[in-house]
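Hydrogens, waters and symmetry mates play no part in the numbers below; they use all other heavy atoms, side chains included. For reference, positions follow the sequence shown, starting with 1. Just follow the structure's listing: the first ligand is 1, and inside any ligand the first atom is 1.
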Amino acid sequence: MALHSSDRHSRINLSREPGSHHEVEVPDTLDLACRAELGLHHFTETIDERPEYGCEMAFAGDLATYCPPSMGFHIAGLGCCQPKALEALAFLRLMSGSRENLGREAAMMEMMVSCLGEDGLFWVPGSPATPWRRIPEPFVYLHGQGRMLRAMIAWYQYTGDEAWKGRIDRMVDGLDKLAVHKDCYAYFPVRGPYDEDYLGSCYTRGGKKDLSEPLSEKAGEEGSLFNQQGHMPGALANWYALSGSEQALRLSGELVRFLTKPKFWADFGMEYPEVFGAQHAHWRGHFHGHVNTLRAILEYAIATNDSRLKLFVREGYQWARQLLLARIGYFEGQGCACARMIGLAVKLSEAGVGDYWEDVDLYIRNHGIEMQYTPEDLDFMRGLSKGKPPISSAPDYHISFLTDDRVIERSIGAFAMRPNKFCWLICCSTHGNMGLFYAWDGALRHADGVVRVNLLLNRASPWMDVDSYLPFEGKVVLRNKTAREAFVRIPLWVDKGAVRQRVGSDAVPPKWFGSHLRFSGLRPADVVTIEFPMVERTEEWKTAAEVPETDRKIKFRGNTVIELSQPIMPGSPLYMHRPEKYRSPCAPVKRLTRYVAPRVLKW
Ligand SMILES: [Zn+2]
């Protein structure tokens, strides 16, 4: 009998220090740590340990085309998106403290580490026995290199294992050698030996590369140069910030100088009169590619304190946040889009380039969670495949099919690819779950005895726990542990004049610093209660990119959508359960074991 990896013991994925758990009764409102537990369940349940699949994760789950629902593979899986899952797993473990499927996760990580070549790059073991990877020889998927770099940076911090540092430095060197260096900038070759969508940026040991400089942003996989390579300099800049690697910083700067060339921006053929849009990060095209590139430019700008680049990114973010139904974080169809914006908004805010906490609050309370499959969706999910034909009738069944075993249950925690929630992709599930992390991370920060509460969400931390009654009640309780001072950001919709606060049972006068309430002289075990009237309002929003153009009424309680006049798309279950869920004016309570994460990760 084969020994399953879950029976084995491995240190590759163990936290450098344990967090702590405690039993509490808390308001049963949005809890990102609980959402992270779902995500962790999904990812570790889609790792296939059967030897012929080598711990590859499912790329997609189709709940609606065949009965029973199935999961399958794709060329962009192991080489491109699985490294994103690897990064997400470190974040989700940190948030939730879950120990589910640790052994299986370790086996998957060992497989991925074994794919690192002598040149430091991540080589997908393509072979005739793995037809779903399409290339029958080992290959480097360009897009996945930057994702693997980010994943290794996360696990280096999470485990404290110096082995990761060596792997990261070797990959930086490998990327440096792969890049085409010009006078002051660099880019990665855009075409390898396999000229097919998604395979174009894959390099093999002996295959030729097209070294010519890309002339347009609209080249590369999915019609976007940025999608293919725009995110790379961000991981490099982060590694410089963590390790001081001058090689990583130099390469990051060379790539940023290439990516910020005016020819790649405002390339849609018209512009406001008297505005040179390429200087202001105006763009049109691949949403993920542009948002990821903006974040990478920001990470370089932070590492080098380049104020002009910081403002460039700020303008690019503000441009992006006008798309579709940005008010609730619905920028485009995929379940990863909102999360990418959450990451950018948190980074901009943390770096003091802007204050986008109100945006993050709106995103994470709405589209940033709504695309995730949760146990509430089970009936809907079961209904999707009723009466559909078997998967064996699918044309590419023998290539991409992985399994139809327990697919619905294993899909809980994934993020949908479209608002109809018919299917999920590892692309959307990874970024969707990382969006939970970005918001969770940014919700509460600590330095030198001072806590800043940026988002009024349930959140445990070593310094202070937050119990949020929103959006049922206008009430937040801070349970102090070690802080002597706290700044609490109050959302825009709250009437500041009606806010009441007390420490223990003693009312205290308000001390406002802009949108923050200040509490000083705090002692351990102090309980701070902040209360204000809830506000319900209905807003009308026109969404120009939808066909047909839609006028929609959106009812909010605070920043939470509680009712939509029309679904996001016909048949979409998004937000449909909310009128019932938020009927009560009192927050339900629940008992749970809260996990306190032991450290902060730089991402
Ligand atoms: Zn996606």
Would you call the rings of His280 and His282 parallel, tilted or perpendicular, taking 30° and 60° as the class edges?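 Tilted, since the angle between the ring planes falls between 30° and 60°.
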Should the ring pair Trp319 and Phe268 be called parallel, tilted or perpendicular, given that the plane angle runs from 0 to 90° and is split at 30 and 60? parallel
Report, rounded to 10°, the angle at the Zn ion (ligand 1) between the two atoms OE1 (Gln334) and SG (Cys428).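 Gln334 OE1 and Cys428 SG form an angle of 90° at the Zn ion (ligand 1).
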Does Met417 bring an N, O or S atom to under 2.8 Å of the Zn ion (ligand 1)?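 Checking the Zn ion (ligand 1) against Met417, no N, O or S atom falls under 2.8 Å.
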Just checking: Cys336, one of its N/O/S atoms, less than 2.8 Å away from the Zn ion (ligand 1), yes or no? yes
Candidate pair Met95 and Arg35, rule side-chain contact (heavy atoms from CB on, under 4.5 Å), full reasoning: CA-CA 9 Å; Met95 292 168 75; Arg35 293 262 176 174; over 6 Å; no
Would you say the side chain of Leu38 lies within less than 4.5 Å of the side chain of His42, judging by non-hydrogen atoms? no
